[in-house]
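Being a predicted model, the structure only gives us computed values, none of them experimental. The analysis underlying the following values was restricted to heavy atoms, covering all of them including side chains, and did not include hydrogens, waters or symmetry mates.
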Amino acid sequence: VKISGIDADAINQKIPNEKKDKKSKVFDEKYIWEVLKTCYDPEIPVNIVDLGLVYDLQVSGEKSELDIHVKMTLTAPGCGMGPSIAEDVKSKIFALNGINSVDVELVWDPQWDRDMMSEDAKLQLGML
């Protein structure tokens with residue numbers, strides 16, 4: 001079962017702020033990477049960045065109206081959680097101030113394999 005952030009109070013968790021206030025700071029792509037590290041494949045307890053699922057991140061537009069394009073994959077082409085993970089990525093990035101649009105593209109080339117995982121992810125999953 002996946003619970004959206006706006007329903008976090010249903011499991012006694014804090015409801016996240018609608019928009020994260022980054023207006024006073026100069027935009028930095030690291031904010032988006034930080035957000036991506038809060039997205040998980042529900043079947044694997046490791047974030048999608050450390051799993052090596054995010055292949056590309058493109059930022060374009062003006063600093064108050066940024067367009068974000070994420071290319072990512074899944075651990076398996078038949079993964080039924082793909083749309084859910086993509087929607088999680090999209091909604092979390094869009095919650096940042098100054099974001100005009102977010103496009104998440106699921107790609108299958110190159111095909112994901114375990115070598116794409118970070119050392120931390122391999123350690124968490126007992127693969128080291």
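Here SG of Cys79 is found 9.0 Å from CG of Leu53. Values are rounded to the nearest 0.5 Å. Between Glu34 atom CD and Ile93 atom CD1 the span is 12.0 Å, to the nearest 0.5 Å. Rounding to the nearest 0.5 Å places CE of Met116 at 8.5 Å from CD of Gln111. Ile32 CD1 to Leu57 CG: the interatomic distance, rounded to the nearest 0.5 Å, is 5.0 Å. In this structure, Leu51 CG and Gln124 CD are separated by 8.5 Å, a value rounded to the nearest 0.5 Å. In this structure, Phe94 CZ and Ile99 CD1 are separated by 8.5 Å, a value rounded to the nearest 0.5 Å.
Sorted by first then second residue, the salt bridge (charged side-chain N to carboxylate O under 4.0 Å, His left out) pairs that include residues 90-108, not counting sequence neighbours, are Asp88-Lys92.
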Verdict with supporting geometry, Met117 and Leu125, side-chain contact (heavy atoms from CB on, under 4.5 Å): CA-CA 10 Å; Met117 292 171 35; Leu125 296 174; 3.6 Å; yes
Check against side-chain contact (heavy atoms from CB on, under 4.5 Å), Val54 and Trp33: CA-CA 10 Å; Val54 179; Trp33 286 104; 3.7 Å; yes
Check against side-chain contact (heavy atoms from CB on, under 4.5 Å), Val89 and Leu36: CA-CA 6 Å; Val89 167; Leu36 289 173; 3.6 Å; yes
Met72 vs Val107, side-chain contact (heavy atoms from CB on, under 4.5 Å): CA-CA, chis, key distance, verdict: CA-CA 6 Å; Met72 64 173 290; Val107 297; over 6 Å; no
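When all heavy atoms of Thr73 and Tyr55 are compared, the closest pair comes out as CG2-OH, 3.1 Å. Contact detail for Val46 and Ala121: the closest heavy-atom pair is CG1-CB, 3.6 Å. In terms of heavy atoms, Asp41 sits closest to Ile48 at N-CG2, 4.1 Å. The minimum heavy-atom distance between Ser101 and Asp67, with the atom names listed, is OG-OD1, 2.7 Å. Here the closest heavy-atom approach between residue Leu74 and residue Trp112 is recorded as O-CB, 3.6 Å.
Linking ILVMFWY side-chain heavy atoms closer than 4.5 Å, directly or via other members, places Ile44 and Leu123 in two distinct hydrophobic clusters. A continuous path of ILVMFWY side-chain contacts below 4.5 Å connects Ile85 to Trp108, so both sit in one hydrophobic cluster.
Checked by atom type and distance alone, the side chain of Asp28 never pairs as donor or acceptor with a backbone atom of Tyr31 at under 3.5 Å.
With sequence neighbours excluded, the residues satisfying side-chain hydrogen bond (donor to acceptor under 3.5 Å, both in side chains) with Gln58 are Asp56.
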